[in-house]
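Atom set for the values below is all heavy atoms of this structure, side chains included, hydrogens, waters and symmetry mates excluded.
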Amino acid sequence: NIDRQSYNHSAKTSEAQKTSTKKALLNKDFRQALTFAFNRESYASQINGKDGADKLLRNLYIPPTFVQAGDKSFGDLVKEKVATYGDEWKDVDFSDGQDGLYNENKAKAEFAKAKEALKADGVEFPIHLDIPVDQTATSKVQRVQSLKQSIEKTLGKDNVVIDVHQLSKDEVTNITLFAPSAAEEDWDISDNVGWTPDYQDPSTYLESLSPVSGSVFYYLGVDAGSNSPAIPAVDFGKYAELLKDANSEVNDQALRYEKYAAAQAWLTDSALLIPTTSRTGRPVLT
């Protein structure tokens with residue numbers, strides 16, 4: 001949540017803590033630190049068990065094999081483009097079925113950069129991050145506790161504290177998935193939302209997070225098309241440009257996919273969204 005307005009479910013006890021968390025979540029290095037500090041295999045094992053955890057794991061918002069451009073998968077294209085953003089991405093494996101993001105050394109390196117900048121901006125540590133969870137769903141509570149454990153262990157509780165709020169199912173959905181507006185998204189980080197594609201083109205995923213008209217952009221605590229200062233603060237204008245460029249390519253399909261891969265690369269580097277799991281990796285009984 002990059003522009004939180006509601007604090008009805010929060011462990012924060014002062015305005016300084018609220019401001020510090022906001023500033024931290026607007027810092028890309030801090031968000032990347034969370035990305036690399038989060039052990040998603042442990043998280044997924046709370047759903048599928050340890051042996052089946054890898055069946056669930058997703059490292060990109062779009063499945064890496066969703067579309068093909070010549071002899072390159074969408075994941076291949078993204079890997080090439082995101083590597084240009086920084087050394088932290090050069091050896092990342094974005095294929096499904098393994099945790100290509102969890103890396104304690106990278107997490108600590110990104111956090112060190114973030115902490116230096118944030119301290120200079122008057123930020124107080126530790127950064128407190130509120131996360132809501134349905135208290136009646138045992139596996140969800142276990143998942144959130146796993147997330148809390150890995151991030152606090154990697155970054156240190158003197159730096160980051162995940163404050164878990166166990167609420168009723170209705171309370172959780174009313175402040176996440178079914179929040180009436182972005183201003184009522186009452187959390188700092190959340191794993192209560194997801195996305196299902198509607199058609200076989202990268203736009204079905206990436207346009208959903210357009211800062212201009214994205215249908216689920218408000219999941220980030222900001223209404224699409226608004227004048228929230230958080231949008232330029234995280235350079236969402238660049239993402240909008242990449243989407244516009246990709247969507248305008250209607251003659252060359254391979255080039256279209258390559259342009260959408262550039263948009264996915266920006267989204268990955270931004271660490272505004274951390275992919276966790278895919279429903280397609282869950283056992284179903286019929």
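The distance from atom CD1 of Ile62 to atom OH of Tyr257, rounded to the nearest 0.5 Å, is 10.5 Å. For the atom pair CZ (Arg31) and CD1 (Ile2), the distance works out to 7.5 Å, reported to the nearest 0.5 Å. Rounding to the nearest 0.5 Å gives a distance of 8.0 Å between OG of Ser215 and CG of Leu209. With rounding to the nearest 0.5 Å, the separation of CD1 in Ile274 from CG in Asn59 is 11.5 Å. Separation of atoms CH2 (Trp195) and CG (Leu206) is listed at 11.0 Å; rounding is to 0.5 Å. Interatomic distance, CG of Asn174 versus CG of Asn8, reported as 11.5 Å (0.5 Å rounding).
Enclosure of atom CG in Asn227 is not indicated, since only 12 or fewer non-hydrogen atoms of other residues, nucleotides or ligands lie within 6.0 angstrom. Heavy atoms of other residues, nucleotides or ligands lying less than 6.0 angstrom from CD of Glu80 number more than 12. Crowding of Lys113 atom NZ: a count of heavy atoms from other residues, nucleotides or ligands under 6.0 Å exceeding 12.
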### Task
In sequence, state the C-alpha distance, the side-chain angles, and the governing distance for Asp269 and Trp89, and then conclude on side chain to side chain contact (heavy atoms under 4.5 Å, CB included).
CA-CA 8 Å; Asp269 180 65; Trp89 299 112; 2.8 Å; yes
### Task
Take Asp201 and Ser203 through the test side-chain hydrogen bond (donor to acceptor under 3.5 Å, both in side chains) and record every step on the way to the result.
CA-CA 5 Å; Asp201 185 81; Ser203 61; 2.6 Å; yes
### Task
Mind running side-chain hydrogen bond (donor to acceptor under 3.5 Å, both in side chains) on Ser146 and Gln142 for me, showing each step along the way?
CA-CA 6 Å; Ser146 173; Gln142 291 171 337; over 6 Å; no
### Message
Could you walk me through whether Ile231 and Phe217 satisfy the side chain to side chain contact (heavy atoms under 4.5 Å, CB included) test, starting with their C-alpha distance in whole Å, then the side-chain angles of each, then the deciding distance to 0.1 Å, before giving a yes or no?
### Response
CA-CA 11 Å; Ile231 293 177; Phe217 186 73; 4.1 Å; yes
### Task
List the steps and the verdict of salt bridge (Lys or Arg N to Asp or Glu O under 4.0 Å) for Glu241 and Lys244.
CA-CA 5 Å; Glu241 290 174 8; Lys244 184 177 181 180; over 6 Å; no
### Task
Tell me, with the steps shown, if Asp93 and Ser95 meet side-chain hydrogen bond (donor to acceptor under 3.5 Å, both in side chains).
CA-CA 6 Å; Asp93 182 356; Ser95 59; 2.7 Å; yes
### Task
Apply the test side-chain hydrogen bond (donor to acceptor under 3.5 Å, both in side chains) to residues Asn48 and Lys55: give CA-CA distance (whole Å), side-chain angles for both, the deciding distance (0.1 Å), then the verdict.
CA-CA 8 Å; Asn48 264 18; Lys55 305 294 188 294; over 6 Å; no
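Note: the hydrophobic cluster containing Ile189 does not contain Tyr7 (ILVMFWY, side chain heavy atoms under 4.5 Å, direct or indirect links). Note on Leu57 and Ile47: separate hydrophobic clusters, where clusters join Ile, Leu, Val, Met, Phe, Trp and Tyr whose side-chain heavy atoms are under 4.5 Å apart, directly or indirectly. Val234 is not connected to Leu34 by any chain of hydrophobic side-chain contacts under 4.5 Å among Ile, Leu, Val, Met, Phe, Trp and Tyr, and they are in different clusters. Under the 4.5 Å side-chain heavy-atom criterion for grouping Ile, Leu, Val, Met, Phe, Trp and Tyr, Val144 is not connected to Leu167 through any hydrophobic cluster. Hydrophobic clustering (ILVMFWY, side-chain heavy atoms < 4.5 Å, transitive): Val141 and Leu147 are in one cluster.
In the model, Thr268 has a side-chain atom that pairs as donor or acceptor with a side-chain atom of Gln264 under 3.5 Å. For the residue pair Ser228 / Asp3, a side-chain donor-acceptor distance below 3.5 Å is found, with atom types taken as modelled. A donor atom on one side chain and an acceptor atom on the other are found under 3.5 Å apart for Tyr102 and Glu104. One side chain, His165 or Asp130, offers a donor N or O that lies under 3.5 Å from an acceptor on the other. Residues Glu184 and Ser181 bring a donor and an acceptor atom of their side chains to less than 3.5 Å of each other.
Of the possible polar contacts, none joining the Thr19 side chain to the Ala16 backbone as a donor-acceptor pair under 3.5 Å is found. Looking at Lys148, its side chain does come within 3.5 Å of a backbone N or O of Ile162 through a donor-acceptor pair. Of the possible polar contacts, none joining the Arg143 side chain to the Tyr43 backbone as a donor-acceptor pair under 3.5 Å is found. In this structure, the side chain of Arg40 engages the main chain of Arg58 through a donor-acceptor pair within 3.5 Å. For Ser226 (side chain) and Asp223 (main-chain N/O), a donor-acceptor pair under 3.5 Å exists by modelled atom type. Judged by distance alone, with hydrogens and angles left aside, the side-chain atoms of Ser20 form no donor-acceptor pair with the main-chain N or O of Gln17 at under 3.5 Å. Checking side-chain atoms of Lys259 against main-chain N and O of Glu249 turns up no donor-acceptor pair under 3.5 Å. For the pair Ser210 (side chain) and Glu207 (backbone), a donor-acceptor distance under 3.5 Å is absent. Checking side-chain atoms of Thr204 against main-chain N and O of Asp198 turns up a donor-acceptor pair under 3.5 Å.
By the 4.5 Å heavy-atom criterion applied to side chains, Leu118 and Asp29 are not counted as neighbours. You'll find the side chain of Leu272 stays beyond 4.5 Å of the side chain of Lys28, heavy atoms only. Counting heavy atoms from C-beta on, the side chains of Ser10 and Asp163 never come closer than 4.5 Å. Side chains of Glu152 and Val161 form a contact here, defined as non-hydrogen atoms less than 4.5 Å apart.
Looking at Lys140 and Asp134, no side-chain N of the basic residue comes within less than 4.0 Å of a carboxylate O on the acidic one, giving no salt bridge. A salt bridge links Lys18 with Glu15; the closest basic N to acidic carboxylate O contact falls under 4.0 Å. Looking at Lys90 and Asp87, a side-chain N of the basic residue comes within less than 4.0 Å of a carboxylate O on the acidic one, giving a salt bridge. Classification of Asp188 and Lys22 as a salt-bridged pair fails, no side-chain N sitting under 4.0 Å from a carboxylate O.
Taking every heavy atom of both residues into account, Glu41 and Asp99 meet most closely at N-OD2, 3.5 Å. Residues Pro211 and Ala240 approach most closely at CG-CB, 3.8 Å, considering heavy atoms. Scanning both residues, His128 and Thr21, for their nearest heavy atoms gives O-OG1, 2.8 Å. The two residues Gly100 and Val92 come nearest to each other via the heavy atoms O-CG1, 3.4 Å. Considering every non-hydrogen atom in both Ala261 and Lys81, the closest pair reads C-CD, 3.9 Å. The minimum heavy-atom distance linking Ala53 with Ala44 is given by the pair O-CB, 3.6 Å.
Checking Trp266, Tyr260, Tyr205, Tyr239 one by one against Tyr61, the ring-ring contact (aromatic ring centres under 6.0 Å, His included) holds for a single residue, Tyr205. With His9 as the fixed residue, the side-chain contact (heavy atoms from CB on, under 4.5 Å) test singles out one of Ile175, Val172, Ile131: Ile175.
For Ser190, the side chain to side chain contact (heavy atoms under 4.5 Å, CB included) test picks out Thr176, Trp187, Asn192, with sequence neighbours left out.
Under the 6.0 Å cut-off for aromatic ring centres, Phe74 and Phe66 do not qualify, their centroids lying 6.0 Å or more apart.
In this structure, Phe125 and Phe111 have perpendicular ring planes: the angle between them is above 60°, well past the 30° mark.
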